[in-house]
Amino acid sequence: MRVLVSDAPFDVGEETNAFAKGHKDIGAVVTFTGIVRDLPDDPLVAMEIEHYPGMTEAALSKIATTAIARWSLGDALVIHRHGRLVPGEMIMMVATAARHRRDAFEAAEYLMDYLKSRAPFWKREITAKGSDWVTAKAEDEDALTRW
Amino acid sequence: MRVLVSDAPFDVGEETNAFAKGHKDIGAVVTFTGIVRDLPDDPLVAMEIEHYPGMTEAALSKIATTAIARWSLGDALVIHRHGRLVPGEMIMMVATAARHRRDAFEAAEYLMDYLKSRAPFWKREITAKGSDWVTAKAEDEDALTRW
Amino acid sequence: MDVLYFAWMRERIGLPRETVETTAGTVMELVEELKAREDRYAMAFSDISALRVAVDQELTDFDAPLTGVREVAFFPPMTGG
Amino acid sequence: MDVLYFAWMRERIGLPRETVETTAGTVMELVEELKAREDRYAMAFSDISALRVAVDQELTDFDAPLTGVREVAFFPPMTGG
């Protein structure tokens, strides 16, 4: 298991290769990558991500450990950036490795759902008109009821 | 959309980077990678994958086109190898890009479920004891009822 | 008409492809013609519930018509992914 | 006890962290003490249903006890991923 919280960019391809390689007992690897998306009406200048150093790493480790146990994963990876990002940059990624595809998919969705609402990150969107904190979505909180 | 059927190895990291980069209107990328898994009791020497040239590409294109329309994907990728592979090698990958994570996850699962049972590939496992065609699983056929 | 075989169908029939002169109106009629040829065909096609068929490279059913068809393929259930 | 604020709580309170002398037995009692201090606290804590709280870096409820606690953090619902 690897959990990385950093303000530096990461290479999703290199991370995926490092994660997927050398697993002879594992048939399925799923990755999710979150990308800063431009806003259709009011172009995004940047996204700033604040976090809670110390708690962030602990929360992500707990979420990943829970997923590994629940889906008998061979491995799990969580990377999340903080600081200032521009449209097109990668915000975060998760990866899961399992014997069967359904477990790898479910575990990755679980990681994402918990990471969205239970890891201490806060996003702020900066446009030409000003800046605003991103509001948590009810649907993201509702997604947790699935698990 | 890109569909590639080839006997050559592919680099899952490079493919993921090429797929994920430069999408400013897309927030979510999901990839699935299938890896040749060793067998616990009777070590696998190799896996041989036969396919139906012509139909394979058409079937994969149709599956990907359907997924793009159904989940309003920004892009989709399907790569599948044929020929002889050894444990640890990547058999195939799919990737989906969408505005929201749920769509990217669902579309990737759809691609995998259809690719398993509706694309003309046949696997044969070669061990020290001999070789056997892999039998289609009822659960893979059942998975299609979800869609 | 070209008739193709894949995986264990190819092994049981003993060849990957052959050209067949036929007036069969449906896939099932073609199967009956092939089964009447030789034992290896009769055995390979003995349980068609274990087989899949593609007509002109599209998956279809055994009652599909063969009018104007150029290529029919028989194979076991697919195991991709 | 260290009290931390994140995102718009940090902006409304006007600082990211402060040390608070308190005998509050629960998070809610601490909130009431803070609200009594100054208007900006009263306003920042006016709707605690819009807030989340972590005690010693673990998410918890507003009725959580503060015995032996070293760090309490207040922030809006998280928006990671």
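Throughout, a chain's letter reflects where its sequence line sits, starting with A, and its residues are numbered from 1.
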Proximal component of Lys62(A), with respect to chain D [non-hydrogen, under 4.5 Å]: side chain
Given a strict heavy-atom distance threshold of 4.5 Å, which part of Ala58(A) is in contact with chain D: side chain, backbone, both, or neither? neither
I need the Trp8(D) CH2 to Asp132(A) CG distance, nearest 0.5 Å. 12.5 Å
Counting heavy-atom pairs under 4.5 angstrom with chain A, the leader among Glu58(D), Glu71(D), Gln57(D) is Gln57(D)
Counting heavy-atom pairs under 4.5 Å with chain D, the top scorer among His80(A), His82(A), Glu141(A), Met93(A) is His80(A)
Which residues in residues 45-57 of chain A have a heavy atom less than 4.5 Å from any heavy atom of chain D? Glu50(A), His51(A), Tyr52(A), Pro53(A), Gly54(A), Met55(A)
Please lay out, stage by stage, how Trp133(A) and Glu11(D) fare under the test side-chain contact (heavy atoms from CB on, under 4.5 Å). CA-CA 11 Å; Trp133(A) 292 99; Glu11(D) 295 175 331; 2.8 Å; yes
Side chain, backbone, both or neither: which part of Ala54(D) has a non-hydrogen atom closer than 4.5 Å to chain A? side chain
Contacting region of Arg118(A) [heavy-atom separation from chain D under 4.5 Å]: both
Nearest heavy-atom pair of Thr79(D) and Thr135(A): which atoms, and what distance? CG2-C, 4.0 Å
Flag yes if more than 12 heavy atoms outside Asp47(D) fall under 6.0 Å of its CG atom; otherwise flag no. yes
Has the side chain of Lys123(A) got a donor or acceptor atom that lies under 3.5 Å from a matching backbone atom of Gly81(D)? yes
Taking everything shown except Arg70(D) itself, do over 12 heavy atoms lie less than 6.0 Å from its CZ? no
Counting only heavy atoms not in Met43(D), do more than 12 sit closer than 6.0 Å to its CE atom? no
Measure Pro76(D) against the heavy atoms of chain A and call it side chain, backbone, both or neither at under 4.5 Å. both
